[in-house]
4 protein chains.
Amino acid sequence: MTQARAPRADAVRNRKKILTAAGEQITAHGPDVGMDEIAAAAGVAVGTLYRHFPTKTDLVAAVVAEFVARVADDAEAALARVSTGTPALDELTAFLSRVIEASVTDRAVKAAAQALGAEPGDRAAEDRAGAAVAALIHAGQADGDIHPDVTVNDIYLLFSTAPTDQPSVDRWLTLVVPGLTTQARPADS
Amino acid sequence: MTQARAPRADAVRNRKKILTAAGEQITAHGPDVGMDEIAAAAGVAVGTLYRHFPTKTDLVAAVVAEFVARVADDAEAALARVSTGTPALDELTAFLSRVIEASVTDRAVKAAAQALGAEPGDRAAEDRAGAAVAALIHAGQADGDIHPDVTVNDIYLLFSTAPTDQPSVDRWLTLVVPGLTTQARPADS
Amino acid sequence: MTQARAPRADAVRNRKKILTAAGEQITAHGPDVGMDEIAAAAGVAVGTLYRHFPTKTDLVAAVVAEFVARVADDAEAALARVSTGTPALDELTAFLSRVIEASVTDRAVKAAAQALGAEPGDRAAEDRAGAAVAALIHAGQADGDIHPDVTVNDIYLLFSTAPTDQPSVDRWLTLVVPGLTTQARPADS
Amino acid sequence: MTQARAPRADAVRNRKKILTAAGEQITAHGPDVGMDEIAAAAGVAVGTLYRHFPTKTDLVAAVVAEFVARVADDAEAALARVSTGTPALDELTAFLSRVIEASVTDRAVKAAAQALGAEPGDRAAEDRAGAAVAALIHAGQADGDIHPDVTVNDIYLLFSTAPTDQPSVDRWLTLVVPGLTTQARPADS
DNA sequence: TATGAATGAGCGTTCATTCAT
DNA sequence: CATGAATGAACGCTCATTCAT
């Protein structure tokens, strides 16, 4: 009985504007930006914002979900390249590096998500990312490069504990990648 | 010249109560606990809390400083054991493990310190810890067990990125320790 | 282009209620009344009060501005009567008397304005009042009744130093008016 | 520093120190200085301050009383000069001028007294001042210089309404003195 | 007695959320 | 539906006053 929804266009556009603005504001000013500021940045009134996202937690969850969707896309692209011959370990570490670099910029998103205990909110995107990462891991294990006990959860664990300031990221990757592989860290790495 | 100040007894006891309560409250409810709640948990009035710590930032810094002092004690004890023959790498990883386990309990302290930009406040304790850790690293490098480029900052980096939930800690240590060493992670680790 | 804004009605009414209540509360309890008390007296929540006046200083400035606007109206009315034949000195002293009587009721407004260093906020009203008073003075000087060196600032000076308790006002006017005129105070004044 | 027991001497010295410090602090920082700051400036603990003055109002009253005592001294000196031939009107206006100049510096004291509704507290000094001023007025009236209906209360009224900023004081005296005399303000005054 | 630590009501202000328009 | 005014609990912090030492 849910009939034709004519005003969908506006609603969809508003939702997009709000998500974009929320991402920008949280990134720029931290997770404590006021809802009023987000609404103003989106060019809507607070009421509209609450129509789309009943609580601040929901809004942050949606912002996080967008990030997860981009991660899933990235993981699937990496997997596609592996199927054309690139070594899976290289793709996995490059993927790890890209995601973490991105989360430096979006650092507040992570903080916000944790601070507010936001639910992921987009199980589908998470599943897509998980499947692609699992496939990368398996391919690397088949190559003998990735340590046999590594799982998707290990990658998630590293995501969730990555440093949030740019200069630390490279060193952290250097320290962390050997644990995923079958090789010792070279003396000059 | 160094007179015993009689009325200090209460004040000292209150300071202790406040620090303890602050640690507990921040751990339990995050860095955003109200000062009133901390005061209530300590069994004092807010004014008393502000007499001891002029701002919330100061209070959080003091809580963090206490934690740092305990870490310094731990590092020095580990270093002492190395000088009696224990392998330095074992002591370093055990130390890492202990500190991180402890910071799981005190997890919010870290978040609080970052959130509020709290100054360490106790440079001496930090220096003590740094010196002991540096000595541990050098001993391990002399043994040929610890990778030659590892520094104290690497250990700090790992501290600051350690997971904050209990079950993840062990696995995380497994993944992270190989980066500190000259050896690959064994297939069955 | 000049659209009627429907939802403004409530806001306008609230603003009025707040200004009225603020004036009453400040008069009754001095410039240190709490914002909560003003809000309660106005029948709104504090937040509403802050929506209309971002700081306490702004609120006080608005209360003062209302008073200034009434003074300007009074001065202009007096000037109009002079142009129809009333002696300017009589109108000026009567105006002085009226404003000061009014400021007895609104006494705290003055104190509040000074205490908070509030900006007038309504320069237009102040200019109107100043122009009308200047015209009154000039007319009285043309009549030969008002002392030739009297200026608008003298009137402001008297405003700002008027007594704030009712019984003193009449005597104070008796003492102060001769300084504005070309005549000595009569023996039986 | 703990001398032999001379309870009275210490107490008297402390009272003096507190009064001096209170006067300075209130003059320097306005009537809202904290009791702690006054105590610190006096070199005593708050408790001592409260031993001498049970409330802040009492302390301010005492500061005001000191000022009144100085005014009484001034008035009596003026009266003495009149008895040696100086015109009483000149002495009265000069006295008015001196007191008001002094109250510009001590302006915060007056503000504090009003703000706190402090009782004068030192009836004796007030009576002394009143008697001397009354005698000045009578002498001026005998000379035919001072208007016959002027009373001590008129002088008090002028004190209480004097401007508190330096530049205004001279002009204000010019405007106000004619009301006390039997003469019109000269055209070039 | 003097000390200064403790008290706690109160302050101005903020902000996630609700609801009349 | 969007709007934005209204709500009110909560926040960090202050300060006149009290009271144990």
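All chains are named by letter (A, B, ...) in the order of the sequence lines, taking the proteins before the strands, and each is independently numbered beginning at 1.
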Quiz item: How does protein contact run along nucleotides 13-19 of chain F, one letter per nucleotide 5' to 3', with B for base contact, S for sugar-phosphate only, - for none, heavy atoms under 4.0 Å?
Solution: BB-SBB-

Quiz item: Between L49(D) (CG) and dA5(E) (P), how many Å, whole number?
Solution: 16 Å

Quiz item: Over how many whole Å does the gap from D10(B) atom CG to dT3(E) atom P extend?
Solution: 18 Å

Using residues 58-71 of chain A as the side-chain source, report each donor-acceptor pair under 3.5 Å to any protein atom, sequence neighbours left out, with the distance given to one decimal.
residue : atom : partner : partner atom : Å
D58(A)  : OD2  : T55(A)  : N            : 3.3
D58(A)  : OD2  : T55(A)  : OG1          : 3.1
R70(A)  : NH2  : D106(A) : OD2          : 3.2

Quiz item: Which residues pass the side-chain contact (heavy atoms from CB on, under 4.5 Å) test with D36(B), sequence neighbours left out?
Solution: V46(B)

Practice problem: For the residue pair V104(A) and D165(A), establish whether any side-chain heavy-atom pair is separated by less than 4.5 Å. | Solution: no

Exercise. Find the distance F53(C):CZ to dG12(E):P and express it as a whole number of Å.
Key: 15 Å

Quiz item: Pairs counted as Watson-Crick or G-U wobble with both distances under 3.5 Å: what dot-bracket string results for DNA chain F, using | for bases tied to another strand?
Solution: .||||||||||||||||||||

Practice problem: Mind calculating the distance between NE2 (H29(A)) and C1' (dC15(E)) to the nearest angstrom? | Solution: 17 Å

Quiz item: Under 4.5 Å between any side-chain heavy atoms of V12(C) and K16(C), yes or no?
Solution: no

Quiz item: Between T48(C) and V44(C), is there a donor-acceptor pair closer than 3.5 Å when you use the side chain of the first and the backbone of the second?
Solution: no

Quiz prompt | Separation of atom CZ in R13(D) from atom P in dT1(E), rounded to whole Å | solution = 17 Å

Practice problem: Provide, to the nearest angstrom, the distance between the CG atom belonging to L59(B) and the P atom belonging to dC11(F). | Solution: 14 Å

Quiz item: Between I38(D) (CD1) and dT3(E) (P), how many Å, whole number?
Solution: 16 Å

Practice problem: May I ask you to test the K17(B)-T20(B) pair for a side-chain heavy-atom distance under 4.5 Å? | Solution: no

Self-check item: Short side-chain N/O contact to dT3(E) OP1/OP2 from T48(D), under 4.0 Å
Solution: yes

Self-check item: Qualifying residues under salt bridge (charged side-chain N to carboxylate O under 4.0 Å, His left out), relative to R51(A), sequence neighbours excluded
Solution: none

Practice problem: Can you tell me the distance, in whole Å, between the CG atom of D58(B) and the P atom of dG12(F)? | Solution: 14 Å

Self-check item: Heavy-atom closest contact (A39(D) atom, A45(D) atom, distance)
Solution: CB-C, 4.0 Å

Quiz item: At under 4.0 Å, does any side-chain N or O of R51(A) touch on OP1 or OP2 of dC1(F)?
Solution: no

Self-check item: Test side chain to side chain donor-acceptor pair (under 3.5 Å) applied to E37(D) - qualifying residues, sequence neighbours left out
Solution: none

